[in-house]
Number of protein chains: 2
Amino acid sequence: MGQDLPVTGYALLGLLTFGDELTGYELKQRADITMRFYWVSPAMSQIYSELARLSDRGLVAAVADDSGTSRYRITDEGREVVREWMTETPAGFPVLKHPVALRLLMGHLTDAATTRAMLERYVEELAAARRDLAEVRAGLVGRDEPGQNFHHPSLVADWGLAYFDSEARIARRTLRRMSADGP
Amino acid sequence: MGQDLPVTGYALLGLLTFGDELTGYELKQRADITMRFYWVSPAMSQIYSELARLSDRGLVAAVADDSGTSRYRITDEGREVVREWMTETPAGFPVLKHPVALRLLMGHLTDAATTRAMLERYVEELAAARRDLAEVRAGLVGRDEPGQNFHHPSLVADWGLAYFDSEARIARRTLRRMSADGP
DNA sequence: ACAGCCATGTAACTCGTTACATGATTAC
DNA sequence: GTAATCATGTAACGAGTTACATGGCTGT
């Protein structure tokens, strides 16, 4: 039953549990607007190869629509496999690849202006990411109440917004601590 | 000059700029106590193969100590390559792989108790990670002032502590929002 | 007609992991 | 003496990326 899949495989299955039958292309778009904030946005090629694996194992079924395009739908077994994964295996601790923190660690190798510029740029990028996510969140309004289809996605989106706010606060605080020192 | 390296390569070079000559083994230990919080802890085998590449390119030099063990020291060229990387290339936005958020997204596939247990466990793991990092941070006290060797590492450690605190706050808030609903 | 999006895939490659193997030194 | 730690590597493999290739359909 519960053969292991790469987490990205479960993630794709998860995206297919919100009611729609999606093409590989559409799946990529969904991943780009939501999953990328707290997981990754897989490359197109990976989506297709992962879909092939899921299909091999009977976890998704491809149905050709009128125009001949393959639309993927999660099967009962697929639903069961995701459920089992969620209940039987621990989630694991987040992995963060934070190039800003990594470079800050080596701040002694450059001048303070370079580090400050990096942090300021990060604050701007955070603001842009926050705007994108806020837009996604706004699109869920009206379908985000407990019991509704997008309740959990809205919890996740709010998590992401709070995370971005926190990062911006921390980056600004670090900037203040740096300018307390010399140039 | 500035051939590209995997970021982990630059990270290892960075760890070698704090004054010591380190063995591969020691490098792994340093990575485990600090880098793992905001980058990754590379496997031993990767550290050795990465050191081989850095050595090939003349960015580190191996010197055999009295017992015959290889200790690695960053070269002037290595120092220059890191500096160039930091000043000439953008840091890039952090990549987060957050299995807790990913599973929360699919909360509709399990019962609320499972999701709550996951969040509670995450809060505990955050507390443990925070304790570990606080210990590291405490070890820097006295060498963490501006201009001192571990000023930047201490800024990064404080960043990490604030991040863990923020995550714990967000997870607890999510738990409250969930228990506002039914069981 | 041409640009841009929709749609799907293959091939080559890199990063990074786990498993395996080996042996020296240190602590109890 | 024997367990743990120090130390270094090889081999097999998997996930995921970029580059490349193809072709239909849609709007202007």
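Keep in mind that this is a model prediction, so the values were computed, not measured. The sequence lines fix the lettering, A, B, ..., with proteins before strands; numbering per chain opens at 1.
A:Ser49 comes within 4.0 angstrom of nothing in the nucleic acid, heavy atoms only. As judged by a 4.0 angstrom heavy-atom cut-off over every strand, B:Ser67 is placed among residues making no nucleic acid contact. Among the atoms of the strands shown, only primed sugar atoms or phosphate atoms (P, OP1, OP2) are found under 4.0 Å from some heavy atom of A:Gln29.
Remark: A:Glu120 CD is packed, more than 12 non-hydrogen atoms of other residues, nucleotides or ligands lying under 6.0 Å away.
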When you compare the protein's N or O atoms with those of nucleotides 22-25 of chain C, which come within less than 3.5 Å of each other, and at what distance?
none

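Not one side-chain nitrogen or oxygen of B:Gln46 sits closer than 4.0 Å to the OP1 or OP2 atom of C:dC15. Between B:Arg53 and C:dC15 there is a side-chain N or O to OP1 or OP2 distance below 4.0 Å. Phosphate proximity of C:dG9 to A:Ser45: absent, as no side-chain N or O sits under 4.0 Å from OP1 or OP2. Under 4.0 angstrom from either OP1 or OP2 of C:dG16 there lies at least one side-chain N or O belonging to B:Thr8. Remark: B:Tyr48 is in phosphate contact with D:dT8, judged by side-chain N or O atoms under 4.0 Å from OP1 or OP2. Residue A:Lys97 places no side-chain N or O under 4.0 Å from the OP1 or OP2 atom of C:dC15.
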Would you mind writing out the side-chain donor-acceptor pairs for residues 28-35 of chain B within the sub-3.5 Å range, not counting sequence neighbours?
unit_1: B:Lys28; atom_1: NZ; unit_2: B:Asp32; atom_2: OD1; d: 3.3
unit_1: B:Lys28; atom_1: NZ; unit_2: B:Pro42; atom_2: O; d: 3.0
unit_1: B:Arg30; atom_1: NH1; unit_2: B:Asp20; atom_2: OD2; d: 3.3
unit_1: B:Arg30; atom_1: NH2; unit_2: B:Asp20; atom_2: OD2; d: 3.2
unit_1: B:Asp32; atom_1: OD1; unit_2: B:Ser41; atom_2: OG; d: 2.3
unit_1: B:Thr34; atom_1: OG1; unit_2: B:Arg30; atom_2: O; d: 2.9

Give the C-alpha distance, both sets of side-chain angles, the deciding distance and a yes or no for side chain to side chain donor-acceptor pair (under 3.5 Å) between B:Arg103 and A:Thr89.
CA-CA 11 Å; B:Arg103 286 176 182 222; A:Thr89 66; 2.9 Å; yes
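Relative to the side chain of A:Ala43, the nucleotides D:dT18, D:dT8, D:dA15 differ in distance, and D:dT18 lies closest. Among the nucleotides C:dC15, D:dG16, D:dG9, the one closest to any side-chain atom of B:Tyr72 is D:dG9. Which of C:dC5, D:dT8, D:dT17 sits closest to the side chain of A:Tyr25 comes down to C:dC5.
A donor-acceptor pair under 3.5 Å is formed between the side chain of B:Gln148 and the backbone N or O of B:Asp144.
Only one option out of A:Phe93, A:Phe37, A:Trp159 pairs with B:His98 in a ring pair (Phe, Tyr, Trp, His ring centres under 6.0 Å); it is A:Trp159.
Between B:His152 and B:Phe18, the distance separating the two ring centers is not shorter than 6.0 angstrom.
No side-chain heavy atom of A:Tyr72 sits under 4.5 Å from any side-chain heavy atom of A:Leu12.
Following rounding to the nearest Å, B:Glu26 (CD) and D:dT8 (C1') show an atom-to-atom distance of 13 Å.
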